[in-house]
Amino acid sequence: MALIYVVEDDRNIQEIETFALSGAGYQTRGFDCAAGFYRALEEEKPDLVLLDVMLPDEDGLTVVKKLRSCRDTVFLPVIMVTAKTTEIDKVKGLDMGADDYLTKPFGVMELISRVKALLRRSQAVRETGWPGQDRRSGSNRLVLGEVVMDQEKHAVTVCGRVCELTYKEYELLKLFLANAGIVLTREVILDRVWGSSFEGESRTLDMHIKTLRQKLGDQGSMIRTVRNVGYIMQG
């Protein structure tokens, strides 16, 4: 039976969500703030998180960003729930790493349908391996083509040869490998690798991509430019 964490500060909405999910056969735990949710994560990891954007102590966008930056929760399925309806709000949530998005008010049947669909997708990925992950070696190795990143040793090999990378090049490659086959916008890459406070020119990203491709040799062609959007790495 899947365990779902419901992070929602409105007690009435939280009760509706947990009641509906319980009725559909899921185990649930409710939290009205990010702090309580973080404490529960240390005790037990859920199969899915239903996360409200507006929380009293920390907004949901920050929460999902932290989840995606931690190795233990980087692939934890997250559905964001918010009263905001503009397209840019949805894009922000998805860019931060949310897997799906629900806008209030929503129907119970839609909620259950979205949860079931995301759980099916995450189960399929667990059975076949996360994008770029070497299942034989757990989550410490990221592999795509002839590129192998050993996160425990902080080392990269290409076609069996050691590839010397700068810190930023390493972080860029790690982001691409962990999201193999997924288009990453320029904004997301800059935020994840350089941080939200970065005020430099976006040309910096292009220069790092160029040198990373060169160092990867023939394998560098797996990093492809998506015009007017960003980049994608795929075999």
Side-chain angles (χ1 to χ4, degrees), residues 1-11 13-82 93-102 111-143 149-152 171 174-175 177-182 188 191-192:
M1 183 184 299
L3 172 62
I4 299 174
Y5 282 178
V6 178
V7 190
E8 167 64 66
D9 64 322
D10 187 314
R11 288 299 180 90
I13 295 178
Q14 184 187 126
E15 288 181 4
I16 291 173
E17 292 173 345
T18 54
F19 181 78
L21 292 168
S22 297
Y26 300 111
Q27 289 182 305
T28 62
R29 288 186 64 181
F31 308 92
D32 55 13
C33 65
F37 168 64
Y38 289 141
R39 287 193 295 269
L41 278 179
E42 295 177 359
E43 301 171 4
E44 184 178 15
K45 299 293 187 297
D47 296 287
L48 183 146
V49 178
L50 201 60
L51 176 64
D52 186 36
V53 171
M54 304 299 291
L55 296 172
D57 54 346
E58 191 171 73
D59 68 89
L61 293 176
T62 301
V63 173
V64 77
K65 182 179 179 181
K66 289 182 177 179
L67 293 176
R68 295 300 178 244
S69 65
C70 178
R71 191 176 70 186
D72 291 338
T73 56
V74 65
F75 297 116
L76 178 61
V78 176
I79 297 178
M80 299 204 76
V81 181
T82 182
L94 296 171
D95 280 350
M96 284 296 181
D99 298 284
D100 202 353
Y101 211 101
L102 270 174
L111 168 65
I112 300 302
S113 178
R114 296 286 188 92
V115 167
K116 287 182 177 179
L118 183 51
L119 286 174
R120 282 197 303 268
R121 293 201 300 271
S122 63
Q123 178 61 36
V125 172
R126 280 196 295 270
E127 291 174 352
T128 58
W130 299 109
Q133 181 179 336
D134 183 348
R135 298 180 69 220
R136 296 168 300 175
S137 305
S139 59
N140 287 329
R141 276 167 59 98
L142 295 171
V143 181
M149 174 177 284
D150 189 323
Q151 297 183 83
E152 198 169 277
E171 291 300 307
K174 181 168 69 173
L175 180 63
L177 290 174
N179 294 276
I182 299 174
V188 166
D191 181 65
R192 301 276 185 89

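Since the model is a prediction, treat every value here as computed from it, not as a measurement.
Nearest heavy-atom pair across L3 and P46 is O-CB, 3.4 Å. Scanning both residues, F31 and F37, for their nearest heavy atoms gives CD2-N, 3.9 Å. For T18 against V6, the heavy-atom pair with the smallest separation is CG2-CG2, 3.8 Å. The two residues A34 and V63 make their nearest non-hydrogen contact at CB-CG2, 3.9 Å. In plain terms, the two heavy atoms of L175 and R192 that are nearest each other are CD1-NH1, 3.6 Å. Of all heavy-atom pairs between T73 and R68, the closest is O-NH1, 3.2 Å.
In terms of modelled atom types and a separation under 3.5 Å, the side chain of D59 and the main chain of V53 share no donor-acceptor contact. Checking side-chain atoms of D100 against main-chain N and O of R114 turns up no donor-acceptor pair under 3.5 Å. Remark: side-chain polar atoms of D47 are not paired, donor with acceptor, to backbone N or O of I4 under 3.5 angstrom. Distance alone, capped at 3.5 Å, is enough to place a donor-acceptor pair between the D10 side chain and the I13 backbone. Of the possible polar contacts, none joining the D9 side chain to the L55 backbone as a donor-acceptor pair under 3.5 Å is found.
Two residues are said to be in side-chain contact when any heavy atoms from C-beta on lie closer than 4.5 Å; I16 and L111 fail this criterion. L21 has its side chain within reach of I112: a pair of non-hydrogen atoms, C-beta onward, lies under 4.5 Å apart. Counting heavy atoms from C-beta outward, D32 and Q14 have side chains that approach closer than 4.5 Å. Side-chain contact between Y5 and L51: absent, with no pair of heavy atoms (C-beta onward) separated by less than 4.5 Å. The closest side-chain heavy-atom distance from V7 to D52 is not below 4.5 Å. At a threshold of 4.5 Å between non-hydrogen side-chain atoms, the residues F19 and T28 do not count as touching.
Electrostatic pairing of K174 and E171 counts as a salt bridge here, judged by a charged N lying under 4.0 Å from a carboxylate O.
Counting heavy-atom neighbours within 6.0 Å of E58 CD, excluding the residue itself, gives a total above 12. The 12-atom threshold is not exceeded at NZ of K116, counting heavy atoms of other residues, nucleotides or ligands nearer than 6.0 Å.
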Verdict with supporting geometry, Y26 and L48, side chain to side chain contact (heavy atoms under 4.5 Å, CB included): CA-CA 10 Å; Y26 300 111; L48 183 146; over 6 Å; no

Please assess L142 against Q151 for the test side chain to side chain contact (heavy atoms under 4.5 Å, CB included), listing each intermediate value before the final yes or no. CA-CA 8 Å; L142 295 171; Q151 297 183 83; 3.7 Å; yes

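Note that the OG atom of S22 and the CD atom of E15 stand 11.5 Å from one another [nearest 0.5 Å]. To the nearest 0.5 Å, atom CG of residue L50 and atom CD of residue E17 are 4.5 Å apart. Taking CE of M149 as the reference point, atom CD of E152 lies at 14.0 Å (rounded to 0.5 Å).
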